[in-house]
Amino acid sequence: MNTASEFLQKEFRIAQVIWIAILAALVIYLGVGHAFFGREFVDAGSIPVSLIRNILAGVGGLMLVGSWLIRRKMLEGSRSGQPRGEEAAVKAFKAATMISAGICETVGLFGLVLVFLGDSLQTLYLFVVVAAAAMIIHRPKIEELEKLAGKTL
């Protein structure tokens, strides 16, 4: 039996649509990467693209860990105070979901930047797949919203 109120269900669907739109941006990055592959738009000068790739991979990894920590902190911070109403729970839930998804999306953007620097499409695929996997892990879950709102399952 689903105990979420109609308001929570509606707001959860809105959060899902926003999350899907952010996820769809990764598909756009793939399309743009394919369209511009082989053209070097940015001259990195004497810095090898492999070094830039390694730096962006490291920063991307840190961002993924950070997205998990930020989401966790935002959701736990919302739970730790006094009982909150549904509106406050929805606000915290949407903020945590969208911020974590946006941070994950940036990793896919790093792949597109690398293509603009003259890197391979495989690099773009790797960065986009990692970003998509992280976004799927951070997808909106109705159970989290119900817990924030103080609803029991």
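Judged by distance alone, the side chain of Arg72 and the main-chain N or O of Leu69 form no donor-acceptor pair under 3.5 Å.
A chain of hydrophobic side-chain contacts below 4.5 Å, direct or via other Ile, Leu, Val, Met, Phe, Trp or Tyr residues, connects Ile136 to Leu126. In the hydrophobic clustering of this structure, Leu121 groups with Val32; members are Ile, Leu, Val, Met, Phe, Trp, Tyr whose side-chain heavy atoms approach within less than 4.5 Å, directly or through other members. Under the 4.5 Å side-chain heavy-atom criterion for Ile, Leu, Val, Met, Phe, Trp and Tyr, Tyr125 and Phe110 are members of the same hydrophobic cluster. Note on Ile103: it does not cluster hydrophobically with Trp68, by side-chain heavy-atom contacts below 4.5 Å among ILVMFWY residues.
For the atom pair SG (Cys104) and CG (Leu64), the distance works out to 5.5 Å, reported to the nearest 0.5 Å. Between the CG atom in Leu148 and the NZ atom in Lys91 there is a gap of 13.5 Å [rounded to 0.5 Å]. Atoms CD and CD, on Glu86 and Glu6 in that order, are 10.5 Å from each other to the nearest 0.5 Å. In this structure, CG on Leu75 lies 9.5 Å from CG on Leu145, to the nearest 0.5 angstrom. Separation of atoms CZ (Arg71) and CD1 (Ile99) is listed at 11.0 Å; rounding is to 0.5 Å.
Pairs engaging residues 52-66 under the side chain to side chain donor-acceptor pair (under 3.5 Å) rule: Arg53-Asp119 [sequence neighbours left out]. For residues 16-32, the set of pairs meeting the salt bridge (charged side-chain N to carboxylate O under 4.0 Å, His left out) definition, not counting sequence neighbours, is empty.
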Going through the checks in order, is the side-chain contact (heavy atoms from CB on, under 4.5 Å) test met by Leu8 and Ser5? CA-CA 5 Å; Leu8 288 181; Ser5 71; 3.6 Å; yes

side-chain contact (heavy atoms from CB on, under 4.5 Å) assessment of Glu87 paired with Val90: CA-CA 5 Å; Glu87 289 183 26; Val90 165; 5.8 Å; no

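Residues satisfying the side-chain contact (heavy atoms from CB on, under 4.5 Å) criterion with Leu51, sequence neighbours excluded, are Ile47, Pro48, Ile55. The side chain to side chain donor-acceptor pair (under 3.5 Å) check on Ser67 picks up His138, with sequence neighbours excluded. The side-chain contact (heavy atoms from CB on, under 4.5 Å) search around Ile137 returns none, not counting sequence neighbours.
Two residues are said to be in side-chain contact when any heavy atoms from C-beta on lie closer than 4.5 Å; Leu56 and Leu114 meet this criterion. Between Phe93 and Met74, every side-chain heavy-atom pair lies at or beyond the 4.5 Å cut-off. Using a 4.5 Å heavy-atom threshold, the side chains of Leu117 and Ile52 count as touching.
Annotation for Val107 and Ala131: closest pair CB-CB, 4.1 Å, computed over non-hydrogen atoms.
Note: Phe116 and Phe36 have perpendicular aromatic rings, judged against thresholds of 30 and 60 degrees for the angle between ring planes.
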Distance-only criterion, 3.5 Å: show the donor-acceptor pairs between side-chain atoms of residues 10-31 and protein atoms not counting sequence neighbours.
| unit_1 | atom_1 | unit_2 | atom_2 | d |
| --- | --- | --- | --- | --- |
| Glu11 | OE1 | Lys94 | NZ | 2.5 |
| Trp19 | NE1 | Met135 | O | 3.0 |
| Tyr29 | OH | Glu105 | OE2 | 2.9 |

